[in-house]
Q: 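This is the structure I want to talk about, given as structure tokens.
Values in this document were obtained by computation on a predicted structure and should not be read as measured data.
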Amino acid sequence: MDIHKEIDTRGLNCPLPILKAKKALADLASGQLLKVVSTDVGSVRDFQAFAKQTGNELVEQTSEGADEAKEFIHVLRRR
């Protein structure tokens with residue numbers, strides 16, 4: 001997967017990961033990919049809703065690590 005931009009939102013809670021992703025997507029061309037790394041468990045649901053509302057494609061959602069160190073990775077394609 002060819003990621004064009006990556007942002008780190010670790011330690012930030014809703015709605016900050018979404019707001020930072022929205023700003024980063026504005027800097028990308030249509031079809032480019034944004035990777036967002038978050039520690040907010042609610043970000044999984046938030047990014048699903050964000051993609052539906054904005055028309056950006058949620059390409060992938062994964063998680064890494066265990067419990068307190070868990071990270072959620074979201075990959076969005078700019079519409």
Q: Using a 4.5 Å cut-off between side-chain heavy atoms of Ile, Leu, Val, Met, Phe, Trp and Tyr, which other residues end up in the same hydrophobic cluster as Leu76?
A: Ile7, Ile18, Leu25, Leu28, Leu34, Val36, Phe47, Phe50, Leu58
Q: Any side-chain heavy-atom pair from Lys70 and Val41 closer than 4.5 angstrom?
A: no
Q: Can you find a side-chain donor-acceptor pair between Ser43 and His74 that sits under 3.5 Å?
A: yes
Q: Suppose we screen for side chain to side chain contact (heavy atoms under 4.5 Å, CB included). Which residues come up paired with Arg79, at least two apart in sequence or across chains?
A: Asn56
Q: Kindly check if the number of other-residue, nucleotide or ligand heavy atoms within 6.0 Å of NZ (Lys5) is above 12?
A: yes
Q: At what distance, to the nearest 0.5 angstrom, does CG of Asp8 lie from CD of Glu6?
A: 7.5 Å
Q: If you count heavy atoms of other groups shown closer than 6.0 angstrom to CZ of Arg45, is the number above 12?
A: no
Q: State whether the side chain of Thr39 and the backbone N or O of Glu71 hold a donor-acceptor pair below 3.5 Å, judged by distance alone.
A: no
Q: Do Gln48 and Gln61 have side chains that get closer than 4.5 Å, going by heavy atoms?
A: yes
Q: State, yes or no, whether a side-chain contact exists between Lys35 and His4 at a heavy-atom distance under 4.5 Å.
A: no
Q: Can you measure from CG (Asp40) to CG (Leu16) and round to the nearest 0.5 angstrom?
A: 9.5 Å
Q: Quick one: list whatever passes ring-ring contact (aromatic ring centres under 6.0 Å, His included) with Phe72, sequence neighbours left out.
A: none
